[in-house]
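Numbers for residues simply follow the sequence, beginning at 1.
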Amino acid sequence: TKTGNPLVDSVAEHQATRNSVYFQYLHHLCILAPLGFVSVSFNYGDGPSFLLLYGATAYFFSSKMNRLILLTGPVGAILGGIAAGG
């Protein structure tokens, strides 16, 4: 087993997230959110630095456990809106 606990390993939500799951749940945000992330990184300040930290943290933890992909929804929508709005 991966963690040593067969109960945890048997639950599919505790497995690492595949890249196809991001596209299944987030669709166009998979393209727009990274563009918004880059756009926000050029406009540094208190608000933008929070978005950069929130986006990086949400992606890191959602890649570790399938259930935590819910964390990427709000920040993905914000960064995708920034990219779409120009």
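Between the Ser39 side chain and the Leu35 main chain, no donor and acceptor come within less than 3.5 Å of each other.
The hydrophobic clustering, which links ILVMFWY residues whose side-chain heavy atoms are closer than 4.5 Å, places Phe50 and Phe37 together. Residues Tyr54 and Leu52 share a single hydrophobic cluster, defined by chaining ILVMFWY side chains whose heavy atoms lie under 4.5 Å apart. No path of Ile, Leu, Val, Met, Phe, Trp and Tyr side chains, each step under 4.5 Å between heavy atoms, connects Leu70 with Phe61, placing them in separate hydrophobic clusters. Connection of Leu71 to Tyr25 is not established within any shared hydrophobic cluster, with ILVMFWY side chains joined at heavy-atom distances below 4.5 Å, either directly or through further cluster members.
With values rounded to the nearest 0.5 angstrom, Leu79 atom CG is found 10.5 Å from Thr72 atom OG1. Atom CD1 in Ile69 sits 14.5 Å away from atom NZ in Lys64 (nearest 0.5 Å). To the nearest 0.5 angstrom, Leu68 atom CG is 13.5 Å from Tyr59 atom OH. Between Gln24 atom CD and Cys30 atom SG the span is 10.5 Å, to the nearest 0.5 Å.
Taking the side chain as every heavy atom from C-beta outward, Val21 and Asn66 approach each other to under 4.5 Å. Residues Ser62 and Tyr22 meet the side-chain proximity criterion, which asks for heavy atoms closer than 4.5 Å. Side chains of Leu51 and Ile82 form a contact here, defined as non-hydrogen atoms less than 4.5 Å apart.
The two atoms that bring Ala58 and Val75 nearest to each other are CB-CG1, 4.1 Å, heavy atoms only. Nearest heavy-atom pair across Gly76 and Ala33 is O-CB, 4.0 Å. Heavy-atom minimum distance, Leu32 versus Ala83: O-CB, 3.3 Å.
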